[in-house]
**Q** 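Take a look at the following structure, please.
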Amino acid sequence: MKIGVLGGGVIGVTTAYYLARAGHEVELIERRSGVGEETSFANAGQVSPGYSSPWAGPGIPLKAIKWLTMQHGPLAIRPKLDPDMWRWLFSLLRNCTSARYALNKSRMVPLAEYSRDCLRALRADIDIAYDEQSLGTLQLFRTQQQLDAVAKDIEVLREIGVAYEVLTPKGCRRVEPGLEHATVPITGGLRLPGDETGDCKKFTDRLAVLAGELGVKFCLDTTVTGLTTGAGRVTSVMTSRGSKFYDACVVALGCATPALLKPHGMHLPVYPIKGYSLTLPVRRSAAAPISTVMDETYKTAITRLGDRIRVGGTAEVSGFDMALRPVRRRALEHSFTQLFPEGGNISEASFWSGLRPMTPDGPPIIGATPVDNLFVNTGHGTLGWTMACGSADVVADMVSGRKPAISIDGLALSRYA
């Protein structure tokens, strides 16, 4: 079939690649002049199935109050007269129960684990390099209360068979020697040895080249403006460069997906949650992170990407506002310099922000829609990089009329019906 993939982030590019590999004629439409230029550009760099958890969970409402009031806190809410914002926030709160947290996590982790396996298989099949490492990730706790609270997560990891290690302060410094220079106490850590790291932008760029070699056509600098439908099918895709015609379409537009589908009776609860990152050169390799260290206190992820370090974090609820706020930069700098004060040249750091397409319950929205030849692949939130290959493989199977390799129960748009 001739397939249109709408969106050129890591989700769209992986979807196009897997569809082309399945034998389809694929065209990808992207509004920027290149792929991976928005949310995929400078994310935290983690492929972390074990940390694939919903934001909505028990205790989050109280934690949110604390985060909003603490200096360098990881959460910021900028209220707007936006019904979608408040609807999303209230839906998030409704999911903050133990039962819903367990259900949503059980829907997310299998996809994330499968996606990591797809990524490994892809690496074995093709020539792709993106500063990747398979050295695990470390969640770092500064207080005994944080360490004690992780018991519930460990219980879930044990139930679903994810390998883990609970580390003492000495154990944390063993796997991440750069923490010897930390200026704050470390109480312990949770290490997931199966997790990986890498530069999402580099991956997306390279995979786009390989997709092109499979015949994928890229329509860059082209904005999707709408869909026309008839007899329960998409009949054309309207763009800034005229109408395009496909046998089927996959919408992978991240935060822009709801606006495109709303005129057709589909209401996707995907809302933009802004994240920030710093990218800085390594100053002293021995004092820098080896893989990813997640600072539980400030909810930052500090990742080694070759000769660079990426520091990502913050959840800012502010609609489509893309302003780079100095207060958020200071928060990332604070976390990094306390843990790796000699690791990187913070004065040379570039500062970035991107909009994560978040669902209020946590799992992404993948698969068929009420429109017969229209599919979605969106709502991955902070886990787009983690879930990209698995999501693309699932969608390619569905578009091709095959049963996906894993169950997508709980991931479909119909769960919001």
Side-chain angles (χ1 to χ4, degrees), residues 39 42-44 46 48 51 53-80 82 85-86 88-90 92-93 95-96 101 137-150 153 182-190 271-280 289 292-303 309-341 346 349 351-356 358 360 362 381-383:
T39 307
N43 67 16
Q46 299 166 255
S48 302
Y51 291 111
S53 301
W55 283 14
I60 287 298
L62 289 177
K63 287 181 180 178
I65 294 171
K66 175 185 175 182
W67 291 333
L68 287 168
T69 57
M70 67 186 280
Q71 187 180 22
H72 307 306
L75 177 64
I77 298 177
R78 302 187 183 281
K80 295 178 180 290
D82 178 1
M85 173 188 284
W86 297 106
W88 189 92
L89 286 169
F90 286 129
L92 179 86
L93 290 174
N95 279 279
C96 289
Y101 176 83
T137 52
L138 175 65
Q139 187 177 9
L140 196 70
F141 307 114
R142 300 188 186 201
T143 69
Q144 189 63 43
Q145 184 180 13
Q146 291 173 347
L147 184 59
D148 293 342
V150 82
D153 283 332
T183 60
V184 291
I186 296 170
T187 302
L190 175 65
Y271 196 77
I273 306 298
K274 184 160 65 170
Y276 294 84
S277 74
L278 300 172
T279 304
L280 55 148
T292 288
V293 174
M294 288 170 286
D295 183 353
E296 178 65 14
T297 297
Y298 295 105
K299 296 291 183 181
T300 57
I302 303 169
T303 300
I309 300 169
R310 177 74 47 74
V311 187
T314 300
E316 183 175 295
V317 186
S318 57
F320 287 86
D321 175 14
M322 289 292 292
L324 287 168
R325 303 185 187 280
V327 65
R328 306 319 315 169
R329 177 174 186 139
R330 290 194 293 272
L332 298 176
E333 291 176 348
H334 180 76
S335 172
F336 175 75
T337 54
Q338 286 192 331
L339 297 178
F340 297 99
I346 201 75
F351 188 35
W352 171 89
S353 71
L355 300 177
R356 311 175 182 106
M358 299 286 299
T382 59
L383 298 165

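Only this structure's heavy atoms are used, side chains among them; waters, hydrogens and symmetry mates stay out.
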**Q** Using the ring of each side chain (for Trp, its six-membered ring), is H334 parallel, tilted or perpendicular to Y298, with breaks at 30° and 60°?
**A**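 Rings of H334 and Y298: perpendicular, over 60°.
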
**Q** Looking only at heavy atoms, which two atoms of L93 and P61 are closest? And how far apart?
**A**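 Heavy atoms of L93 and P61 come nearest at CD2-CG, 3.9 Å.
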
**Q** Taking all non-hydrogen atoms of both residues, which atom of P360 and which atom of L92 are closest, and how far apart?
**A**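 For P360 and L92, the tightest heavy-atom pair comes out as O-CD1, 3.3 Å.
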
**Q** What pair of heavy atoms forms the shortest contact from F351 to L332, and how long is it?
**A**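 That closest heavy-atom pairing would be CE1-CD1, 4.4 Å.
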
**Q** With rounding to the nearest 0.5 angstrom, report the CE to CG distance, M294 to L140.
**A**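 Going from CE on M294 over to CG on L140, the span is 9.5 Å.
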
**Q** If I take atom CZ from residue R310 and atom OG1 from residue T279, how far apart are they, to the nearest 0.5 angstrom?
**A**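 Between atom CZ of R310 and atom OG1 of T279 there are 3.5 Å.
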
**Q** Mind checking the OG1-CD1 spacing from T314 to I273? Nearest 0.5 Å is all I need.
**A**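 Answer for the OG1-CD1 pair, T314 versus I273, is 12.0 Å.
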
**Q** To the nearest 0.5 Å, what is the distance between CG (L75) and NZ (K66)?
**A**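 Reported to 0.5 Å precision, the distance equals 13.0 Å.
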
**Q** Counting neighbours of CD on Q144 that are heavy atoms of other residues, nucleotides or ligands and sit closer than 6.0 Å, is the number greater than 12?
**A**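 Yes, enclosed.
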
**Q** Ignoring hydrogens and geometry beyond distance, is a side-chain donor-acceptor pair present between Q146 and T297 at under 3.5 Å?
**A**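 Judged by distance alone, the side chains do pair up.
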
**Q** Could you state the interatomic distance from OH (Y101) to CD1 (I60), rounded to the nearest 0.5 Å?
**A**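 Reported value, rounded in 0.5 Å steps: 8.5 Å.
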
**Q** Would you mind reporting whether Q338 and R142 have side-chain heavy atoms less than 4.5 Å apart?
**A**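 In short, these two side chains touch, coming nearer than 4.5 Å.
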
**Q** Testing the basics here: between W352 and L324, what is the closest heavy-atom pair and its distance to 0.1 Å?
**A**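 Result for this residue pair: C-CD2, 3.5 Å.
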
**Q** Going by side-chain hydrogen bond (donor to acceptor under 3.5 Å, both in side chains), E316 matches just one of R356, R328, R325. Which one?
**A**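 Answer after filtering R356, R328, R325: R325.
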
**Q** Provide the closest heavy-atom pair for D321 versus L355 in the form atom of the first, atom of the second, distance.
**A**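 It is O-CD2, 4.1 Å.
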
**Q** What pair of heavy atoms forms the shortest contact from M358 to W88, and how long is it?
**A**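 Here M358 and W88 meet closest at O-NE1, 3.0 Å.
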
**Q** How far does CZ of F141 sit from CG of L190, to the nearest 0.5 angstrom?
**A**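 Separation between the atoms: 5.5 Å.
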
